[in-house]
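In listed order, ligands and their atoms are each counted from 1.
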Amino acid sequence: MKYILKLILMMILIISSAISYINPDAHAVEQDQWEKIKARGELRVGLSADYAPYEFEHNVNGKSEYAGIDIELAKKVAKDNHLKLKIVNMQFDSLLGAIKTGKIDLIISGMTPTPEREKEVDFSNPYMSVQQKMIVKKSDADQLKDLNDFANKKIGVQKQTQQEKLAQTEIDNADIQSLTRVPEVIMSLKSGKVKGMVIEGPVAEAYLKQNKDLTFAKNVKFNEGSKSTAIAAPKHSPELMNKLNATIKDVKDKNLIEDYKDSAAEAMKKDDGNFFTKYGNFFIKGIQNTILISIVGVLLGTVFGAVIALLKLSKIRVLRWLASAYIEFLRGTPLLVQVFLVYFGTTAVLGLNISALICGMIALVINCSAYIAEIIRAGINAVDKGQSEAARSLGLTYGQTMKSVILPQAIKNILPALGNEFVTVIKESSIVSVIGVSEIMFNAQVVQGASFDPFTPLIVAAILYFILTFTLSRIMYYFEGRMKVSD
Ligand code: ARG
C-alpha cells in the first residue's frame with residue numbers, strides 16, 4: 001500500500017514538473033506584462049460581478065451590461081492606454097489563480113491589498129477606501145447589536161475575502177460559513193442559516209435597499225477601521241504598474257470616483273417591468289447556451305467515445321490499456337475539477353487563449369467521451385457472441401461483421417443509454433458556470449446579483465432545467481417505443 005502511494009506521488013511529481021517545464025508562460029511571467037497587453041490591444045480585467053456598486057450587471061434595453069465603480073475605472077484604464085476592454089466575470093476566489101495563469105491581466109474587483117495577496121500579485125496605489133459592516137435580519141436586530149453578541153454564532157462571508165479574515169480575527173469563536181458569491185451569503189442570512197454577514201459598507205447598502213427584511217447590526221464596529229481598495233496586476237511588471245498609477249492619479253486629481261459612484265447608483269435604480277421582462281433575456285440566452293454545449297458535448301463525445309470504445313475492444317493490449325486509463329481517469333475525477341483543469345490548463349500549460357465557452361465545451365466533450373465509450377462498449381458486448389461467430393464463419397471479415405451484423409444490433413442498446421447521457425449532460429453542464437460560461441446556472445447567478453433577489457432566479461433555473469430534461473426524456477420514450485415495435 002505504502003509502495004503504491006509512493007509511486008502515485010512520484011508520478012504526480014514527474015507530471016507536474018514536466019508541465020511546468022513546457023509551460024511557456026512560466027518563463028514569460030518575469031517579463032513586463034505591459035508589452036504583451038499592448039501587442040494584443042486588449043485589456044482583460046477580471047472581477048466578480050456580484051458586488052454592486054463596485055461591479056454588477058444590469059439591464060439596458062433588454063441587454064445585459066456591466067456597470068459600477070470598478071467598471072468605470074477599468075474603462076478609464078483601457079481608454080488612457082488606447083486598449084480595448086474585455087471584462088472577465090468570474091468567482092472572487094478564482095481571480096488570483098486567473099491572473100497567475102494569465103487568463104486575465106488585472107483584477108479590479110474591490111480588492112484590498114493584504115500581505116498574503118501581495119505574495120501573488122502587485123497592487124497599484126489605492127483608489128478608494130472602505131469599511132466593513134455587519135448585517136442581520138431585522139427580526140434579530142434587537143438581540144444582535146454589537147460585536148460580542150455574535151460570539152459563537154454562525155457568520156456568513158464571501159469566500160477568500162477580507163471579510164472572512166475579519167470574522168475570524170475579530171469575532172469570538174465565530175462559526176464561519178464561507179460561500180462563493182455574495183448573493184448566496186445574503187440568501188443564507190435571509191433564510192436564517194447564518195445570523196450575521198460581514199460585508200462592505202456600500203455593498204451592504206445596495207442589498208439592504210432591495211431586501212427589506214435585512215438591516216445593519218447597530219453598534220458593530222470592526223477594529224480594522226477603513227482599508228483601501230486597489231488594482232491587482234501580475235508581479236514584476238513595473239511598466240504596467242506605472243500606467244495603472246497614472247490613471248489612478250488622474251482619477252484622484254479630477255475626483256472621478258464621485259462621478260463613478262453616481263453613475264453606479266443610476267445603473268442600480270430598478271428599471272421598470274416585472275421579473276421576466278427585465279431578466280427574461282438572461283434566461284433565454286442561458287437556455288441557448290445550455291442546449292448548445294450539451295449537444296456539442298454529446299455529439300462530439302459520441303464521436304470520440306466510439307473511437308475509445310473501439311480501442312478498448314481492440315486486440316492490441318497497449319491500446320486497450322490506454323483506453324481504460326483514459327476512461328477510468330475521467331470517470332474517477334469530478335467534472336468540476338476537469339473543467340478547471342481545461343480552463344486554466346489551456347492557458348497555463350499550452351499558452352492558448354481560449355474563451356470560457358470553448359473551454360467548457362472541451363471539458364464536457366472529454367468527460368462525455370469517457371462515459372459514452374463505456375456505453376458503446378457495453379452495447380457492442382451485449383450482442384450475442386454467436387452472431388459474430390456465425391458472421392465470421394460465413395466468411396465476413398472482422399470489419400464487415402462489425403459494420404453489417406454487430407453495430408446495427410448494438411445501436412438498439414446504445415441509443416437509449418445515449419439519451420440518458422444527454423439528460424445527464426444537460427444537468428451537469430451547469431458546472432461550467434464556475435468558469436463563467438453564460439449558461440442557465442451562470443445567468444441565474446447574474447440575475448441574483450442584478451435583482452438582489454437570491455431566490456427567484458434559482459427557482460426559474462430549476463424549472464428551466466426540468467423542462468429541458470423532461471421534454472427530452474419524453475422524446476426518448478417515444479423513440480424507444482418505436483424501436484421496440486420494429487423488433
Ligand atoms: N474587499 C474584500 C476583499 O478584498 C472583498 C472584495 C470582494 N469583491 C467582489 N467583487 N466580490 O477581500
Side-chain angles (χ1 to χ4, degrees), residues 44-58 66-74 87-99 103-104 106-135 155-170 176-189 196-207 222-233 257 260-261 264 267-268 433-434 436 442 445-446 448-450 452 454:
R44 299 166 308 174
V45 173
L47 46 81
S48 161
D50 57 359
Y51 221 53
Y54 295 88
E55 49 256 338
F56 54 100
E57 290 189 55
H58 76 141
Y66 291 106
I69 301 167
D70 287 345
I71 305 288
E72 297 299 324
L73 181 60
I87 300 287
V88 185
N89 182 13
M90 57 174 94
Q91 298 173 0
F92 188 75
D93 61 349
S94 301
L95 287 170
L96 282 177
I99 202 168
K103 277 274 162 199
I104 54 177
L106 300 175
I107 302 173
I108 310 187
S109 195
M111 194 177 256
T112 312
T114 62
E116 296 85 36
R117 287 174 180 160
E118 265 155 11
K119 280 186 207 135
E120 317 288 331
V121 288
D122 285 340
F123 282 98
S124 69
N125 295 332
Y127 59 89
M128 262 179 82
S129 77
V130 286
Q131 280 188 17
Q132 304 300 334
K133 293 271 158 65
M134 178 80 88
I135 56 173
I155 306 294
V157 288
Q158 185 175 30
K159 205 163 145 195
Q160 294 201 352
T161 57
Q162 193 52 24
Q163 289 85 310
E164 189 177 48
K165 255 285 193 45
L166 210 54
Q168 281 162 1
T169 48
E170 295 205 20
I176 295 167
Q177 314 276 314
S178 307
L179 294 170
T180 321
R181 301 177 56 263
V182 174
E184 291 166 2
V185 189
I186 296 278
M187 189 151 64
S188 305
L189 182 61
M197 171 180 183
V198 186
I199 180 172
E200 226 147 298
V203 183
E205 263 153 43
Y207 276 94
F222 291 103
N223 294 325
E224 116 178 330
S226 66
K227 284 262 177 179
S228 58
T229 305
I231 303 179
I257 291 288
Y260 295 171
K261 280 185 187 161
M268 267 192 306
S433 62
V434 295
F442 182 84
Q445 294 177 340
V446 168
Q448 281 183 323
F452 303 94

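- Side chains of Ser178 and Glu164: a donor on one and an acceptor on the other come within 3.5 Å.
- Interatomic distance, NZ of Lys159 versus CD1 of Ile176, reported as 14.0 Å (0.5 Å rounding).
- Rounding to the nearest 0.5 Å places CG of Leu96 at 6.5 Å from CD of Glu120.
- Looking at Gln163, its side chain never comes within 3.5 Å of a backbone N or O of Gln158 through a donor-acceptor pair.
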Which atom pairs, nitrogen or oxygen on both sides, join ligand 1 and the protein at under 3.5 angstrom?
from     : atom 1 : to     : atom 2 : distance (Å)
ligand 1 : 1 (N)  : Gly110 : O      : 2.8
ligand 1 : 1 (N)  : Thr112 : OG1    : 3.2
ligand 1 : 1 (N)  : Glu200 : OE1    : 2.8
ligand 1 : 4 (O)  : Thr112 : N      : 2.8
ligand 1 : 4 (O)  : Thr112 : OG1    : 3.2
ligand 1 : 4 (O)  : Arg117 : NH1    : 2.8
ligand 1 : 8 (N)  : Ser109 : O      : 2.9
ligand 1 : 10 (N) : Ser48  : O      : 3.1
ligand 1 : 10 (N) : Glu55  : OE2    : 2.9
ligand 1 : 10 (N) : Ser109 : O      : 3.4
ligand 1 : 10 (N) : Ser109 : OG     : 2.9
ligand 1 : 11 (N) : Asp50  : OD1    : 3.0
ligand 1 : 11 (N) : Gln158 : OE1    : 2.9
ligand 1 : 11 (N) : Gln158 : NE2    : 3.4
ligand 1 : 12 (O) : Arg117 : NH1    : 3.3
ligand 1 : 12 (O) : Arg117 : NH2    : 2.7
ligand 1 : 12 (O) : Gln162 : N      : 2.6

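- Between Lys165 and Glu116, at least one side-chain N (NZ, or NE/NH1/NH2) sits under 4.0 Å from a carboxylate O, which counts as a salt bridge.
- Going from atom CE of Met128 over to atom CD of Glu200 covers 7.5 Å, rounded to the nearest 0.5 Å.
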